[in-house]
J.: 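Can you keep this structure in mind? I'll have questions shortly.
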Amino acid sequence: TYSKTWLEFVFSLYILTLVVAIIIGSRWSSLLARLCKRNAVPVLATLILLSYTKCLSNILTIFTYAQLSVENSTYDNPALWLADSNVLFLRGRHVYLVVAGISISALLIIPYTSIMLLSPCLQAWSEWRLFSWVDKLKPFVDANQGPFKDRYRYWPGIQLMVRVVLYLMFAINESNDISINLLGTILVT
C-alpha cells in the first residue's frame with residue numbers, strides 16, 4: 001500500500017504535467033493548438049479537478065492512523081498507518097509520504113481551492129498590477145464557473161470546500177459509524 005500511495009501521487013502529478021505541457025505546447029505550436037481546438041480548456045479544467053480530488057483523497061489516506069493497544073502490555077502503544085499496518089505512523093518511510101502530502105497540499109490543494117473560492121474578488125482586482133496574473137487563469141476558472149451567474153461565481157469554490165469537509169469528516173470518523181457520516185453529510189450539504 002505504501003508504493004500504491006506513491007503511484008497514485010505520481011499519476012495525479014503526471015496528469016497535471018500533461019495539462020501544463022499541453023498548455024505550453026499550444027502556446028508555442030500552432031499545430032498543437034489546432035489539434036486541441038476550442039474544447040481543450042474545459043477538458044483540461046476537468047482533468048485538473050479530477051487530479052485535485054485524487055490528491056485530496058491520497059493526502060487524507062496518508063494522515064489517517066490507528067492506535068494499537070494491547071492489554072497488560074508494558075510496551076508503548078504505537079500509532080500505525082491505517083492504509084498499511086506494517087508502517088509506523090510518522091516514522092521511517094511514512095515521513096516521506098507525510099512530507100509529500102504536506103507539500104502537495106501547500107502547492108496544489110490550498111491554492112486551487114483558494115483561487116476557485118476567491119476568483120470573483122480576484123477578477124475584480126485584476127486591473128491592479130499585483131493581481132494581473134488572474135487574467136491568465138480566467139479561461140480555467142470560467143470553465144468551472146461558466147454555468148453560474150456573475151454573483152454566484154464563488155459557488156464552485158464552496159463546492160470544493162464542501163468536498164474537503166466531507167473527506168475530512170469521513171476520514172476522522174474512526175468508528176466508521178454510518179449514522180455519523182449521514183448526519184454530517186446532511187449538515188454540510
Side-chain angles (χ1 to χ4, degrees), residues 5-6 8-20 23 40-66 81-83 89-90 97-128 130-189:
T5 305
W6 276 113
E8 289 174 356
F9 268 137
V10 168
F11 180 70
S12 297
L13 294 176
Y14 170 71
I15 290 195
L16 289 175
T17 305
L18 283 178
V19 168
V20 170
I23 291 168
V41 173
V43 170
L44 296 177
T46 303
L47 286 175
I48 290 172
L49 183 64
L50 291 173
S51 294
Y52 169 88
T53 305
K54 190 62 179 170
C55 284
L56 182 65
S57 173
N58 287 341
I59 289 168
L60 290 177
T61 300
I62 288 171
F63 287 107
T64 54
Y65 69 95
W81 184 34
L82 193 60
F89 186 73
L90 288 177
L97 275 175
V98 170
V99 169
I102 290 172
S103 61
I104 288 175
S105 293
L107 296 174
L108 298 176
I109 301 295
I110 294 170
Y112 184 73
T113 306
S114 301
I115 287 171
M116 292 304 292
L117 186 62
L118 300 174
S119 65
C121 296
L122 292 174
Q123 287 178 358
W125 299 334
S126 66
E127 65 266 359
W128 296 353
L130 181 64
F131 296 106
S132 61
W133 55 270
V134 174
D135 290 334
K136 293 182 181 180
L137 297 177
K138 189 165 175 44
F140 284 102
V141 171
D142 284 346
N144 289 316
Q145 296 177 346
F148 299 101
K149 294 182 179 178
D150 286 342
R151 63 181 193 184
Y152 298 115
R153 290 206 163 215
Y154 60 88
W155 193 249
I158 289 179
Q159 288 175 333
L160 290 176
M161 292 297 294
V162 166
R163 183 174 292 167
V164 169
V165 168
L166 286 175
Y167 269 110
L168 284 172
M169 185 186 63
F170 281 94
I172 292 172
N173 185 8
E174 292 179 6
S175 64
N176 208 11
D177 188 8
I178 296 173
S179 61
I180 293 174
N181 289 342
L182 180 63
L183 179 67
T185 305
I186 290 170
L187 290 176
V188 168
T189 55

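All values derive from a computational prediction rather than experimental measurement.
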J.: Report the distance from atom CZ of F63 to atom CG of L90, rounding to the nearest 0.5 Å.
T.: 7.5 Å

J.: Search all heavy atoms of R153 against all heavy atoms of S119 and return the closest pair with its distance.
T.: O-OG, 4.4 Å

J.: Quick one: sort the W128 and W125 rings into parallel, tilted or perpendicular, breaks at 30° and 60°.
T.: parallel

J.: Apply side chain to side chain contact (heavy atoms under 4.5 Å, CB included) to residues Y112 and L49 and explain how you reach the verdict.
T.: CA-CA 9 Å; Y112 184 73; L49 183 64; 4.1 Å; yes

J.: Taking distance alone, no hydrogens or angles, what donor-acceptor pairs closer than 3.5 Å link side-chain atoms of residues 98-110 to residues at least two apart or in another chain?
T.:
unit_1	atom_1	unit_2	atom_2	d
S103	OG	V99	O	3.0
S103	OG	A100	O	2.9
S105	OG	G101	O	2.9

J.: What closest approach, in Å, do S51 and S12 show between heavy atoms, and which atom pair accounts for it?
T.: OG-O, 3.6 Å

J.: Please examine the side chains of I23 and F140, heavy atoms only from C-beta on, and report whether any two atoms are closer than 4.5 Å.
T.: yes

J.: According to salt bridge (charged side-chain N to carboxylate O under 4.0 Å, His left out), who are the partners of D135, at least two apart in sequence or on a separate chain?
T.: none

J.: Take L117 and L160 through the test side chain to side chain contact (heavy atoms under 4.5 Å, CB included) and record every step on the way to the result.
T.: CA-CA 8 Å; L117 186 62; L160 290 176; over 6 Å; no

J.: Taking all atoms of both residues into account, what is the closest heavy-atom pair of P42 and A143, and its distance?
T.: CA-CB, 4.1 Å

J.: Are side-chain heavy atoms of I59 and Y167 found at a separation under 4.5 Å?
T.: no

J.: Is it true that, when you exclude F11 itself, more than 12 heavy atoms of the residues, nucleotides or ligands shown sit nearer than 6.0 Å to its CZ?
T.: no

J.: What pairs with R163 under salt bridge (charged side-chain N to carboxylate O under 4.0 Å, His left out), at least two apart in sequence or on another chain?
T.: none

J.: Got a second to check how far T113's OG1 is from I158's CD1, nearest 0.5 Å?
T.: 12.5 Å

J.: Taking T61 for the side chain and S57 for the main chain, is one N or O donor matched with an acceptor at less than 3.5 Å?
T.: yes

J.: Using a 6.0 Å cut-off, check whether atom CH2 of W155 has over 12 heavy atoms from anything other than its own residue.
T.: no

J.: Is any side-chain heavy atom of K54 less than 4.5 Å from a side-chain heavy atom of I15?
T.: no

J.: Take Y52 and V164, measure what side chain to side chain contact (heavy atoms under 4.5 Å, CB included) needs, and give me the verdict at the end.
T.: CA-CA 10 Å; Y52 169 88; V164 169; 3.4 Å; yes

J.: Would L47 and L44 count as a side chain to side chain contact (heavy atoms under 4.5 Å, CB included) if you check the C-alpha gap in whole Å, the side-chain angles of each, and the deciding distance to 0.1 Å?
T.: CA-CA 5 Å; L47 286 175; L44 296 177; 4.3 Å; yes

J.: Do M161 and M116 come within less than 4.5 Å of each other through their side chains, counting heavy atoms only?
T.: no

